[in-house]
Amino acid sequence: MPGLTTDEVTMPVLGRLDSSARREDQVAHLAEVARQIRIQDLKLVHHGGAGHIGGDFSAIDILTVLYGAVLDVSPATVEHPERDRFILSKGHVAGALYTTLATFGFLPVEELATFLQPLSRLNGHPNRVKVPGVEANTGPLGHGLPIAVGHALSAKLDVSRRRTFVLTGDGELQEGSNWEAMMAASQHELDSLTVIVDRNRLQQGATTRETNDLDPLDAKAAAFGFSVVEVNGHDHGELLDVLSAVPFRPGKPTFVIAHTHKGHPISFMSNNVKWHHKVPDAEQYQQALDELDALAPDRDARRPA
Amino acid sequence: MPGLTTDEVTMPVLGRLDSSARREDQVAHLAEVARQIRIQDLKLVHHGGAGHIGGDFSAIDILTVLYGAVLDVSPATVEHPERDRFILSKGHVAGALYTTLATFGFLPVEELATFLQPLSRLNGHPNRVKVPGVEANTGPLGHGLPIAVGHALSAKLDVSRRRTFVLTGDGELQEGSNWEAMMAASQHELDSLTVIVDRNRLQQGATTRETNDLDPLDAKAAAFGFSVVEVNGHDHGELLDVLSAVPFRPGKPTFVIAHTHKGHPISFMSNNVKWHHKVPDAEQYQQALDELDALAPDRDARRPA
Amino acid sequence: MTLTAKAPQTGSIADEPRYDCRNAYVETLADLARADHRIVGVVNDSVGSSKLDAFKKAFPDRLINVGIAEQDMVGVAAGLANGGRIPFVSAASCFLTARALEQIKADVAYSDHNVKLCGMSPGVAYGELGPTHHSIEDLAWLRAIDNLTVVVPADPVETAAAMRWAAATEGPVFIRVSRMGVPVVYREDHEFVPGRAVTLRDGQDVTLISNGTVLWRALAAAEQLAQEGIEARVLSMPTVKPLDVEAVVAAARETGGIVTAEEATRTGGLGGAVAESVVEHHPARMRILGIPEFAPTGSAGFLLDRYGMSPEGIAESAREVLGR
Amino acid sequence: MTLTAKAPQTGSIADEPRYDCRNAYVETLADLARADHRIVGVVNDSVGSSKLDAFKKAFPDRLINVGIAEQDMVGVAAGLANGGRIPFVSAASCFLTARALEQIKADVAYSDHNVKLCGMSPGVAYGELGPTHHSIEDLAWLRAIDNLTVVVPADPVETAAAMRWAAATEGPVFIRVSRMGVPVVYREDHEFVPGRAVTLRDGQDVTLISNGTVLWRALAAAEQLAQEGIEARVLSMPTVKPLDVEAVVAAARETGGIVTAEEATRTGGLGGAVAESVVEHHPARMRILGIPEFAPTGSAGFLLDRYGMSPEGIAESAREVLGR
Ligand SMILES: Cc1ncc(C[n+]2csc(CCOP(=O)(O)OP(=O)(O)O)c2C)c(N)n1
Ligand SMILES: Cc1ncc(C[n+]2csc(CCOP(=O)(O)OP(=O)(O)O)c2C)c(N)n1
Ligand SMILES: [Mg+2]
Ligand SMILES: [Mg+2]
């Protein structure tokens, strides 16, 4: 594994807009941050020689909106007991999380160059003991939601307003541990809990439909006592509106079905199961970079060739 | 533990009526068999000094109808590859299962006297290796349904008409493994599979409502792709009609919610969570026997005082 | 050296009154909870089987029953710890360890969450309920997991002491809480020191190493051996991980052999841990006693006796190790 | 004695070409499936990671994908066995063993269902993916379970041979299927005999016992030791349970000490099994090599080397055991 050289870490630390920013500026800002995160993540995976780029790109818009505008946590409050918690249950997209955390200042951007390198604290799945901003060591699927329920219970015991967000894969919901946790969440009326499902309809080897269909997912979640909302998981405005508005029903936890595409928006990756953990070769890497480049909001903001 | 003496095993081997019997005779026969099984099971638990009488009595009518009129399995065909399979997922009611198996000739009735005795093959949870008619070593909750799905898949692969029935507790459905199995059952369109839920609304320590509510259970099962039916789990006629009529929707597995009472029909046990695994003392034992006696269809059939 | 061992009132440890350690468990948990608002209980419908009814009355909000869902139970405990609580998970050891093992590995040990896992009614305590309810594999299973202290207290005093230590110490701990009656082995003021063996009886001829419900049986075996002139050292080894290697090596060097006896498998548990230390540091003759198979129907006591863990059986193994 | 060991073409085993044992696995599974309609595969969305795409094409109905649901996967396999099938469960060893351990215990081993559990990419094969994906505890976990044969093949030949034996034999079996490249150790006609060690190299000075991906490293260590005049016996120990106690005892008696080396924890696995045999039958000096902790980021090879399992590291441990 060759690894990234430090000067390939080109990403600016973009940070959050002031919460008083107009919605349209906020949305434009988030879109640009997400684009930058994708560029950086693409480099991580290409140079690191491993990673889960399909799931990364599926989730990056969600991660961006959470860290960029929703979560009440910052590098300064990363150990504060009253911080909001975000748990990445689909731990295989650690690359996307590390890049997001770096973008918002939780990690030195330079450190991204150590992704998957010997003795790096950035291995293929996040580690809360080593990486600031990580709340649980995920990777085996179906662990995040129970942990999130536990945290939401702790907030309730503390009569605290801190919130818990957890991002799961859709294939991941085939794990029964999630349904145990969902039953408990609604039993305990944990309305500070928001489950976001990255509903890209692909899992590791096939579509969810072919493997173990989840539909009707909304009916399942509703029958398990959640208030259910569906959003376009690549639309920063929709995500911002929905994730800022939770809970929708007092006393009920929220289940956000975020419709996404694995590998979005790269033409040859999008909605293609092969890109679950494929690593782009030199040519694919360049094409993906070019496609992301073309999405830049204006010429000046474009990354130096 | 004192143990039952062999001459306390008073139960006649009642067996099955001919399938050409009139429905009303069939129902009356099943009612009497169930009453006899309860009498015997009460003795097992009282003399064995342990057992789960609440759950036993909740399930006995279902077991009786299955073995007495529904399942295509008999002592002669207990190893036949094409036998119907019944899996007792709520393995803690082994006493009820052993008594039922003995009633229908799978086990020597005398052997019931060894329940829980040192080196007996009848321990507190059923063992397929040792006890004829047992299909899986259950006891830990949430195991029976996945096994049943596996069996139903084997039948489908064999293009066989053999069926699979599994009885689960309601508290048991809090185990996520069940929901994994249900997803797979509907994905594979296993209409030879019938899940029967002993819906007594009590678990070990409290009501299901207080612990981890299952309602709306019908909506949950339907959202997981099952065809759902509700029955009175103590009404032999209703059980007979429903269990003989499965599947209700071709291509869909069936989910039968059998409404029951733990400890039914004993006045001081019924719907009382304390009787999950309490052992009746001498006085309670006598009263329960008397109550079961009073339910005898006519004076002549009464058990000798 | 034997400072905190209690002298039997009856002459023999085997004749002392017996106690269910779950009672010490619930009393200590209540004491801890009164003193520290961070302490909470987490159960899987196991309020009664963990004897937590009184705790539930005293602290209704602080006993979290997730239902019959062990994976969720351990994950929830990890989340509670993340929120600053100190959860004591109380569930039958068989289900806690077998059903939630990956959660124990990933959410608790690897995530280094401050969770106390309490395996109730371990070993063959469930006797006639059979192997599905026996938790004989738990020690081998948990000992393989990094960053997890594994404690097997022998009596109510040690159970309480281990819990107080666990509550006061940051990090993942597993404590076995016995149900089968045991006599009191320790003086009331006994303090639990993790990773430290306690010499309950000194001797140079042979060493008996044990813990949990079998420890008093080892002591009773030593009494019997003494009558034949065999002076057995009895080491109480409450911490199976990390092991007190020094005490084991001293025993290997100073006595003629070692017998381990535990309410667990013969492979990978306390006996396995001692064997691994012995071969690496000071090879010595051993006998490893435990439950070697899916046990047939029988009470806990019946099964321990059957597998050579009556006082007589342990004494016999000691003679074997000495070639007598 | 060394009949079925293949002579390296290159002079040293370390220079031989390397193979991913998953290829032998899928080829053998397809052969078995062609010959016996009872053979089926069961996976947890692990078609690709188990390299079963071709199998799926050839036998579309006979590869059952239950989705990402390991508990269900093992329960389903038990049910398939009840229906007369011979299921080969193929899933990443970490998830198969950690997530479905109670199903392995109750539905497979205790229920004596004819299920073959195949732990793919075990040990630290997933390297940089980290400890959640490392399956170093599996041997200790499974060895504690009664009525389960545990096999760790060392190369493609042994992987195929063990599978053929498992398919032909009624009863629960676990087979580890390595991903990390290994050279061929056995001659093509090698037959797998369960519970039997294979002497790959004879020697009287010290014994190296190993299996899986580490076996060739032990052979390479023996080559290095031979150059210093130390004649190491190399025992291949594919069956971790039941162990070939006789071969271990002979090694303890006939050579100056034993080094075990495995892609697994240092406690409770092959090393633990050997230690338990040694202390009970013929105490001898040992070094137990394995992965002692939640490993830091690094490739499988990097980690094996780091924990003393390079050929040089194993040779060094052999010298230590001999006090040289
Ligand atoms: C318990 C467990 N089983 C299997 C895996 C292997 N695995 C990693 S990612 C993945 C697919 C996940 O699909 P999904 O949840 O839909 O995530 P996506 O990448 O599509 O966002 C699988 C099966 C795992 N990590 N954990
Ligand atoms: C995995 C697991 N967890 C806990 C238990 C302990 N236990 C035995 S019976 C029982 C309650 C079961 O309730 P339910 O399923 O409603 O059965 P019922 O007796 O009411 O029919 C519990 C918690 C168990 N047997 N298995
Ligand atoms: Mg997906
Ligand atoms: Mg119930």
Side-chain angles (χ1 to χ4, degrees), chain B residues 1 3 48-52 89-92 94-95 114-131 136-143 168-180 202-214 273-274 276-278, chain C residues 41 43-53 55-56 60 63-76 90-100 102-103 120-121 124-135 293-306:
Chain B
M1 251 169 243
H52 289 86
S89 193
K90 43 173 285 191
H92 56 288
T114 70
F115 181 56
L116 304 184
Q117 295 306 303
L119 308 184
S120 165
R121 55 179 180 167
L122 305 183
N123 80 17
H125 295 91
N127 186 322
R128 79 183 273 269
V129 181
K130 297 182 178 173
V131 185
N137 298 14
T138 50
L141 297 166
H143 286 239
T168 78
D170 51 357
E172 179 174 9
L173 292 180
Q174 290 156 1
E175 287 287 358
S177 49
N178 294 301
W179 303 96
E180 295 178 359
L202 292 178
Q203 46 196 99
Q204 182 169 299
T207 62
T208 51
R209 175 75 201 83
E210 288 164 309
T211 310
N212 218 350
D213 198 9
L214 292 156
V273 73
K274 288 209 181 107
H276 176 70
H277 55 192
K278 201 171 141 96
Chain C
V43 296
N44 62 337
D45 191 19
S46 46
V47 181
S49 54
S50 299
K51 299 205 164 213
L52 287 168
D53 298 283
F55 185 94
K56 190 180 162 186
L63 186 65
I64 293 158
N65 188 352
V66 300
I68 309 171
E70 291 74 18
Q71 297 192 74
D72 187 43
M73 173 176 67
V74 173
V76 161
S90 311
S93 199
C94 53
F95 309 130
L96 166 59
T97 59
R99 203 58 165 277
E102 194 178 62
Q103 281 74 19
M120 315 301 287
S121 308
V124 292
Y126 279 121
E128 299 85 350
L129 295 191
T132 55
H133 283 55
H134 294 168
S135 190
E293 61 186 354
F294 290 130
T297 311
S299 69
F302 172 86
L303 295 174
L304 286 184
D305 291 355
R306 178 181 171 88

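Treat the numbers as computed from the prediction; the structure is a model and nothing was measured. In what follows, every chain begins at residue 1, and chains take the letters A, B, ... in the order their sequences are listed.
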statement: Scored by heavy-atom pairs under 4.5 Å with chain C, the best of B/P118, B/A94, B/G169 is B/P118
- prompt: What part of B/S177 is in contact with chain C, defined as an atom under 4.5 angstrom from a non-hydrogen atom: side chain, backbone, both or neither?
  reply: side chain
query: Rounded to the nearest 0.5 Å, what separation is found between the CD atom of C/E128 and the CD atom of B/Q117?
result: 8.0 Å
message: Taking side-chain contact (heavy atoms from CB on, under 4.5 Å) as the criterion, tell me which of B/H125, B/H92, B/H277 meets it with C/L129.
response: B/H125
- request: Please tell me if the side chains of C/N65 and B/T211 come closer than 4.5 Å, counting only heavy atoms from C-beta onward.
  value: yes
query: Can you name the ring pair (Phe, Tyr, Trp, His ring centres under 6.0 Å) partners of C/F302, sequence neighbours left out?
result: none
message: Does B/K130 have more than 12 heavy atoms from other residues, nucleotides or ligands lying within 6.0 Å of its NZ?
response: yes
task: Output the option from C/V66, C/N44, C/V47, C/D53 having the highest count of non-hydrogen pairs under 4.5 Å with chain B.
output: C/V66
- prompt: Is it the side chain or the backbone of B/E172 that comes within 4.5 Å of chain C heavy atoms, both, or neither?
  reply: backbone
field: Value rounded to 0.5 Å, distance of CD in B/E175 from CD1 in C/I68
entry: 7.0 Å
message: Donor-acceptor pair, distance only, cut-off 3.5 Å: does the side chain of C/T297 make one with the backbone of B/S120?
response: yes
Selection from C/A69, C/G298, C/P296 maximising heavy-atom pairs under 4.5 Å formed with chain B: C/A69
- prompt: Quick one: what part of B/N123 sits under 4.5 Å from any heavy atom of chain C, side chain, backbone, both or neither?
  reply: both
- prompt: Who are the salt bridge (charged side-chain N to carboxylate O under 4.0 Å, His left out) partners of B/R121, not counting sequence neighbours?
  reply: B/E111
field: Side-chain touch B/L119/C/R306, heavy atoms, less than 4.5 angstrom
entry: yes
field: side-chain hydrogen bond (donor to acceptor under 3.5 Å, both in side chains) assessment of C/S49 paired with B/Q204
entry: CA-CA 9 Å; C/S49 54; B/Q204 182 169 299; 3.3 Å; yes
message: Whether the side chain of C/D45 engages the backbone of B/G205 through a donor-acceptor N/O pair (distance < 3.5 Å, no angle test) should be reported.
response: yes
- request: Flag the one option from C/E70, C/Q71, C/R99 with the top tally of heavy-atom pairs under 4.5 Å to chain B.
  value: C/R99
